[in-house]
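Throughout, a chain's letter reflects where its sequence line sits, starting with A, and its residues are numbered from 1.
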Amino acid sequence: MASATATAARQRRIIIDPITRLEGHGKIDIILDEEGRVERAYFQVPELRGFEKFAQGRPAESMPQITSRICGVCPTAHHMASTKALDRLYQVEPPPAARKIRELVYSTFMVEDHTLHFYFLGGPDFIVGPEAPAAQRNVLGVIAKVGIETGQKVIAMRRKLRELISLAAGKTVHPVFGLPGGVAKPLTAEDAAQFRHVAAEAVEFAQFTRGVFEKVVLKDQEYMDLIRSDLFTHRTYYMGMVDGQNRLNFYDGDLRVVAPDGHEWARFDAADYAEYIAEHAEPWSYMKFCHLKALGWQGFKEGAESGVYGVAPLARLNAADGIATPQAQEAYLHFFGVLGKPAHHTLANHWARVIELLYAAERMKELADDPDIIDPEVRNLPTATPREGVGVVEAPRGTLFHHYQSDGRGLITKCNLIVATQHNAARISMAIDQAARGLVSATHVNEGLLNMVEMAFRAYDPCLGCATHSLPGSMPLLVRVCDDRGNVLTSLRRDADGGIHRD
Amino acid sequence: MKPKVAFYWCASCGGCEEAILDLAEDILNVVSAVDIVFWPVALDFKEKDVEAMADGAIEVALVNGAIRSAHQLQMAQLVRRKSRILVAFGACAQLGGIPGLANLTTTGEILHEVYGDGTRPQLEFQHDGQALNLPKLFESVYPLDRMIPVDYYVPGCPPSPRIVADALRVLLSDPLPDPGSVLAPDRALCDECPRKDSHDPELKIDRYYRVQERVLDTGTCILAQGVPCLGPATRAGCGARCISGNMPCTGCFGPSGRVRDYGGKALCSLASIISGNDAGAIDPILDGLADPVGTFYRYSLPSSFLQRKQGE
Amino acid sequence: MPEEFQPRIVAFFCNWCTYLAADLAGTSRIKYAPNAEVVRVMCSGRIDVQFVLKAFAQGADGVLIGGCHPGDCHYQEGNYKALRRYRLLQRLIRQMGIEEERLRLEWISAAEGDRVRVVINEMVEALQRLGPLHKNGQAQERLMEVA
Amino acid sequence: MPDRNPVRIGVYTCHCGTNIAATVDVKALAEFAAALPGVVVSREYKYMCSDPGQDLIRHDIRDHDLNRIVVASCSPHLHEHTFRTALKVGGLNPYYFHMVNIREQASWVHENKAQATRKAKDLVRAAVCRVALHEPLERGRVAIHPDVLVLGGGIAGIHAALTLANAGKHVYLVEKEPTIGGHMAKFDKTFPTLDCAACILTPKMSAVRSHPNITLLTYSEVTKVDGYVGNYKITVLRHPRYIDEDLCAGCLECLEACVYKQAKVPDEFNMGLGKRKPIYIPFPQAVPQVPVIDPETCIQFKSGKCKKTCIEACGERHAINLQAEATTQEIEVGTVILATGFRAFDAARAPGYGYGRYPNVYAALEVERMVNASGPTAGEVILRDGRRPQAVGIIHCVGSRDENTNRWCSRVCCMYSLKLAHLIKEHTGAEVFNFYIDIRTPGKGFEEFYQKLLTERVHFIRGRVAEVTDWVFDPSEDGKLVIRVEDTLAGFVRRIPVDMVVLATGLEPRADAPEVRRLFNISCASEGFFLERHPKLAPVNTFTDGVFLAGCCQGPKDIPDTVAQAGAAAAEALALIDAGYVETEPNTARVIEEICCGCKTCNSMCPYHAISFVGEIHKSRINEVLCKGCGTCVAACPSGAIRQNLFEDDQIYAEIEGILTHA
């Protein structure tokens with residue numbers, strides 16, 4: 001290996017690479033100037049699968065199952081967005097029971113997925129702590145911190161929730177219950193009883209989780225300062241789904257965009273998304289960057305003039321005026337009481353996620369208790385000629401659009417998918433660029449910095465599987481400092497569990 | 001000393017990883033029974049650790065996902081070299097999977113679909129003298145065994161928890177099954193279908209319904225109700241999950257042992273049982289199968305005889 | 001001048017009608033193109049769609065299926081099964097980028113020796129217009145990209 | 001049970017004299033084969049099917065320890081059996097064999113030697129790939145039910161039935177008409193010997209009636225055929241003749257007693273030249289001697305207001321039952337002889353000859369009846385107005401050798417025209433003109449008969465008749481029919497005025513031949529006559545085992561040939577019956593129970609109900625005896641759980657690969 005001093009004068013570059021040789025995920029490329037200061041940091045997504053292309057010619061009714069294969073982590077989100085797109089495509093409304101079963105399953109999924117991220121992916125950063133030794137900064141470290149029985153509690157909770165999804169949707173990974181105008185089968189009284197039982201546990205569990213978060217984060221001044229620090233603050237627009245009273249909703253409603261100052265900038269039906277959202281392509285990434293159409297693409301800038309906006313938990317809370325369930329509403333008020341509204345602090349996403357976890361659990365319980373849920377009428381057969389439909393849900397990681405056009409036989413002729421990480425892509429790039437500029441230089445590369453960059457990134461729980469319609473999941477990273485011949489000067493790895501190691 | 005086990009993913013959606021996590025409490029038993037030396041998504045071991053191992057040092061490697069880029073091929077070859085037993089885990093690795101439907105099109109067509117004539121990602125982008133690279137994608141998606149030798153297959157999209165547990169047990173015990181075998185029953189799904197006794201032996205289809213065209217009775221054979229169900233052509237082992245969801249089998253477990261081209265066989269069978277002895281009577285029935293390729297090759301196009309769309 | 005493209009045709013003929021027709025063409029010394037090679041099966045109903053796909057994948061430019069006329073099947077109904085499969089298979093290969101002229105089903109009775117000539121010659125002409133199915137050894141090319 | 005020994009293949013290329021060698025480079029082919037995987041011996045030989053050819057195989061099996069054999073020669077339909085036997089004699093299972101058809105499907109149909117050879121190589125490569133996967137098979141045995149069905153009561157059916165009955169076999173003779181006898185019963189004399197048709201036929205007819213081994217089912221049709229060689233179940237529909245065959249004594253008093261004192265109904269047997277009553281017997285020597293009532297014309301059936309004098313006349317016997325209805329009868333037989341005969345060409349289809357337009361234009365069969373002493377005119381050859389003809393023209397090849405009607409030669413018209421010429425001259429002394437294209441007399445005594453006619457001053461004019469017209473040019477033609485013909489010997493067009501024209505109508509397949517063919521699952525040749533298994537070597541066999549052909553249903557022929565063929569068909573049936581069993585091809589399908597998932601896809605595939613669903617084990621099963629080996633269920637089985645001997649998936653894949661592997 002070439003020595004650092006020998007090449008110190010040379011122009012350098014840092015590649016933060018999520019080990020593409022392994023997973024082919026996202027990739028960060030930092031260009032340094034002559035003095036070794038960061039000149040530009042690129043966030044690249046190196047893969048593309050073309051679901052939108054090979055969707056063409058497929059029967060519309062197969063889309064909920066085909067598109068769920070975009071991501072095995074959040075298949076239910078794609079399945080549901082797709083199913084809702086089919087309702088519109090075939091111009092048919094599901095019967096009340098079917099609508100409720102869908103939202104029940106969806107809420108169950110939100111509880112399960114947010115749990116996964118809180119304990120397995122994001123957790124290590126703040127429960128174990130950013131400064132803790134890398135070896136501990138993983139799920140095992142989390143369990144060590146919160147206790148083994150809690151660890152088992154988490155595992156058991158996930159299992160129960162996922163079994164419920166199978167019960168109603170056939171399968172958990174890649175469900176099969178969504179049909180235009182309804183769901184494949186009604187819930188029996190026994191099924192509903194199980195849902196009620198687990199829902200009650202889920203609410204408790206959510207409150208428990210909230211307790212954990214408040215104990216280890218809110219009471220930790222250092223951590224709160226980090227959350228508030230400018231390094232992790234971007235004043236952008238936010239988008240999220242809201243119900244009739246502008247309250248948070250994951251399954252259905254209008255989309256609401258609030259400006260950096262918090263005022264409602266737009267409120268629209270999913271079908272009109274193309275009038276509000278545009279996609280911008282860069283030559284150095286397969287991922288397209290969403291922005292607000294009216295404001296146009298101003299580059300990676302924040303502020304009211306830039307079209308850059310964010311989605312995901314923090315954005316959702318910013319975009320909503322409240323939450324429909326009591327316990328979550330109370331947590332919502334506390335959240336903005338502390339951070340002010342709108343909250344621009346990227347790391348607050350973790351807190352917002354816990355509040356959403358609580359809401360999802362409460363909503364799950366409401367629906368499980370609803371007597372209509374076992375009504376056998378769960379199908380309305382489509383009669384209209386299929387044409388075009390847009391379906392939207394709030395996926396765990398943010399707003400998810402499925403937009404289909406079909407011929408008269410319901411064979412897909414055009415398919416457009418916009419996933420959470422695409423909405424967030426610009427904001428993520430900015431976060432990385434900002435973190436890099438603030439922290440990195442040729443002579444100054446260490447775990448701490450790396451994990452800082454990491455955290456800006458991870459707060460979004462970005463799913464590049466969805467983003468590229470190709471690969472899922474969490475974000476292992478590799479940072480290498482090389483000279484311009486590509487000789488590695490320094491190399492640090494960070495894996496999906498949060499462990500960071502210098503090679 | 002505990003056997004070394006590795007999990008690795010190529011072009012997959014992560015559902016197979018979830019399938020392993022869905023062992024839930026059992027995962028702890030697995031972890032205690034073996035020595036997991038490589039699991040990028042969950043544990044902290046690196047490629048170079050793998051490179052450092054002696055060839056064949058890994059007892060069992062479970063690889064999910066298809067091959068669609070040179071990187072994935074490289075890694076698959078590395079893992080192959082280091083492993084005594086390599087298992088294609090899940091539909092994508094075994095058959096190509098749903099992303100394999102990309103073989104109906106080309107990378108060029110995909111790029112055009114997504115980016116139109118505007119800015120396009122470049123394999124190499126220059127930032128004053130610094131090249132940013134994006135990996136080249138193959139024109140086709142390939143199942144694992146078209147690229148590297150595969151010892152066993154675990155079917156499913158994703159494999160059901162039961163299949164995963166059984167597979168791990170079998171692979172870690174003696175004697176091993178015949179090389180090349182699929183670690184699931186060599187029988188079709190009907191064998192374990194709760195509705196298998198719900199219809200009489202005269203299976204005759206006068207009309208194929210698309211699934212949204214008909215409210216399915218929850219107790220009767222779905223195929224007998226006229227909705228194309230691929231259960232008869234599909235390997236058992238999933239526990240008829242989709243059927244219990246009152247939806248037809250779409251074939252994610254792939255063919256049984258004596259079938260070489262899943263889609264061809266399934267098509268042959270579903271066409272045989274319709275009524276109608278002339279084109280005029282036959283064609284309207286077939287209209288219920290709106291998308292033959294997407295129906296019969298939903299998971300297996302890259303492993304079919306034709307592999308991809310022909311011509312250019 | 002470049003030699004004319006010689007398409008390869010795999011012909012699945014039923015034992016009782018079309019295979020006999022081909023024999024009759026022989027005993028009648030009827031001349032036709034040498035591009036079709038016959039796989040004999042007892043009944044067109046035996047022809048598994050897999051066989052046709054295998055033939056295309058293996059390098060056939062065309063596949064011909066020959067059976068008894070409707071109502072004349074030596075096994076009563078086998079040819080109807082063949083017809084049903086053929087109608088669906090045509091839709092499939094169209095999606096797979098294979099022109100429908102490349103797959104042909106013909107009812108040829110034991111008495112119609114000359115029909116064998118007409119059908120095979122027609123098919124050869126059609127395939128010569130279309131050119132090879134595997135353009136410049138596409139299959140090999142695809143393996144190149146990963147080598 | 002697959003054979004585990006290393007595969008050692010012998011490939012044998014046949015020259016078939018020059019039939020193959022002239023178009024396929026047999027040397028190159030043999031060398032090519034020698035290089036193929038698994039091939040130990042590759043030879044070419046003049047005639048592989050000859051004894052020395054077969055010895056080659058047998059010796060190589062012994063000397064080179066071969067366990068697979070490929071012969072590239074003619075069609076398997078011709079010699080597959082021959083070579084399998086050779087293997088058997090050589091001590092090898094006969095199914096370790098595959099035959100490559102490089103004659104009918106290569107050398108005879110291609111001209112370019114290079115291309116024909118290339119094709120032959122592909123086919124041989126395919127066979128070598130395939131045969132390597134062959135497995136030893138055993139033929140099954142099916143017991144033969146000793147009874148025989150003979151369909152058709154003409155001279156062919158009668159002779160076949162008697163031959164079998166005399167050999168002690170029980171025969172069901174089924175005839176559509178109320179009597180047996182067929183066309184021959186309508187003839188007066190038979191060529192060339194001019195012996196009286198009735199004299200030679202009626203004794204055989206009564207022999208049938210009285211034979212203890214023959215069950216005669218007249219006025220009956222076969223409506224359904226189930227089963228297979230050795231075990232056919234035949235359903236026979238018996239039309240009601242309204243007179244009970246068992247009770248009727250054949251006194252015919254009922255005919256006398258009929259309220260119709262005069263016969264008024266045109267008489268089918270006499271080609272409508274005579275009349276019959278609603279209750280009638282087709283002709284005096286009819287068998288059975290039991291009248292029939294024609295409900296179309298019987299007053300009782302039409303109005304219900306008849307005195308029913310016939311029933312009175314029958315009196316105590318009560319043989320007449322006007323309420324009788326059609327009945328069906330099921331019979332079981334092991335073999336079938338089809339002797340359904342022919343249909344005479346309808347002369348109206350050749351409009352130029354004026355049949356149906358000019359009263360005195362007759363079809364040959366009508367004249368046959370006229371010259372017959374017991375016919376409508378009691379043997380008088382007369383015009384419609386009762387006059388005797390002065391001049392008669394006989395036009396040959398009506399509905400034969402004719403682009404517009406039937407292309408084939410009906411074989412008998414020349415001879416029966418000569419016969420009629422002779423008889424007409426004998427009965428009327430008229431001038432007789434024969435208009436012919438060629439006179440064909442290929443038969444014992446035929447040419448002599450022709451020569452005899454020439455000496456009888458019968459006129460022969462060579463040329464196809466243009467038309468028959470009543471448009472006269474000069475008084476000599478008044479009231480005559482004028483035959484316009486180009487005399488191709490004299491080389492000019494002639495007009496021959498005659499009083500009577502006789503059309504020598506040809507033979508064609510019966511209208512119901514297609515139905516019969518489907519019932520018995522056999523093939524027809526292009527012109528519609530039933531197709532024999534081989535024109536030379538198996539002229540009375542069909543492609544369906546146990547079904548044989550006799551008489552004109554297989555093609556036009558005269559009485560001697562018909563009788564000879566009937567005897568041959570009877571002998572073929574006897575051979576099967578006395579063997580006691582028939583060996584069945586082993587290419588049946590079977591369900592592999594471990595793989596079968598019980599999806600019931602296959603059950604609806606089988607037209608022979610060979611596949612049953614076994615509820616207890618929830619799997620399907622195939623009855624090997626009922627299975628005909630079509631393989632439809634094999635292709636349909638969605639999980640590959642059904643296999644077919646000799647047509648295994650892997651064997652067919654190997655064949656495809658063999659064909660398409662570029663050498």
[X] versus chain D, the contacting section by heavy-atom distance below 4.5 Å:
| X | answer |
| --- | --- |
| C/Q76 | both |
| C/V10 | side chain |
| C/R40 | both |
| C/Q6 | side chain |
| C/Y19 | both |
| C/C73 | backbone |
| C/L24 | neither |
| C/K81 | side chain |

What I want to find out is whether D/D649 reaches C/K54 closely enough, with some N-O distance under 4.0 Å, to be called a salt bridge.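 Salt bridge between D/D649 and C/K54, a charged N being under 4.0 Å from a carboxylate O: no.
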
Using a strict 4.0 Å threshold on nitrogen-to-oxygen distance, state whether C/E37 and D/K121 make a salt bridge.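 Salt bridge between C/E37 and D/K121, a charged N being under 4.0 Å from a carboxylate O: no.
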
Hey, is the main chain of [Y] close enough, under 3.5 Å, to the side chain of [X] for a donor-acceptor pair?
| X | Y | result |
| --- | --- | --- |
| C/K31 | D/E111 | no |
| C/R46 | D/F647 | yes |
| D/H77 | C/L20 | no |

Above 12 or not: heavy atoms from other molecules or residues under 6.0 Å from NE2 of D/H81?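 12 or below, so no.
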
A quick test of your reading: do over 12 heavy atoms of other residues, nucleotides or ligands sit less than 6.0 Å from CZ of D/R407?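 Open: at most 12 neighbouring heavy atoms sit under 6.0 Å from CZ of D/R407.
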
Heavy-atom distance under 4.5 Å to chain C: side chain of [X], backbone, both or neither?
| X | result |
| --- | --- |
| D/C606 | neither |
| D/E527 | neither |
| D/A126 | neither |

Derivation of the side-chain contact (heavy atoms from CB on, under 4.5 Å) call for C/H74 and D/I522: CA-CA 7 Å; C/H74 186 78; D/I522 61 173; over 6 Å; no

If we define contacts as heavy-atom pairs under 4.5 Å, which of [options] has the most with chain C?
| options | answer |
| --- | --- |
| D/R130, D/R103, D/H110, D/Q115 | D/H110 |
| D/P76, D/C74, D/A116 | D/P76 |
| D/L123, D/I652, D/N112 | D/I652 |

Are [X] and [Y] side-chain neighbours, meaning at least one heavy-atom pair lies under 4.5 Å?
| X | Y | result |
| --- | --- | --- |
| C/W16 | D/N521 | no |
| D/I659 | C/V39 | yes |
| D/R517 | C/D72 | yes |
| D/S526 | C/E112 | no |

Just do the side-chain contact (heavy atoms from CB on, under 4.5 Å) check on C/R117 and D/V109 with the steps written out, would you? CA-CA 9 Å; C/R117 172 186 66 83; D/V109 287; over 6 Å; no

Value rounded to 0.5 Å, distance of [atom1] in [X] from [atom2] in [Y]:
| X | Y | atom1 | atom2 | value |
| --- | --- | --- | --- | --- |
| C/D48 | D/T632 | CG | OG1 | 11.5 Å |
| C/M42 | D/Q644 | CE | CD | 7.5 Å |
| D/F543 | C/N15 | CZ | CG | 8.5 Å |
| C/T27 | D/L78 | OG1 | CG | 10.5 Å |

Chain D interface, residue from [options] that has the most non-hydrogen pairs under 4.5 Å:
| options | value |
| --- | --- |
| C/A111, C/G45, C/A82 | C/G45 |
| C/G78, C/C68, C/G113, C/A60 | C/A60 |
| C/A55, C/S44, C/C17, C/S109 | C/A55 |

Taking all non-hydrogen atoms of both residues, which atom of D/Y653 and which atom of C/F51 are closest, and how far apart?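 So the minimum-distance heavy-atom pair works out to CE2-CD2, 3.9 Å.
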
Which pair of heavy atoms, one from C/Y75 and one from D/P607, lies closest together, and at what distance?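 It is O-CG, 3.4 Å.
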
Can D/Q105 and C/D23 be counted as having a side-chain donor-acceptor contact under 3.5 angstrom? yes

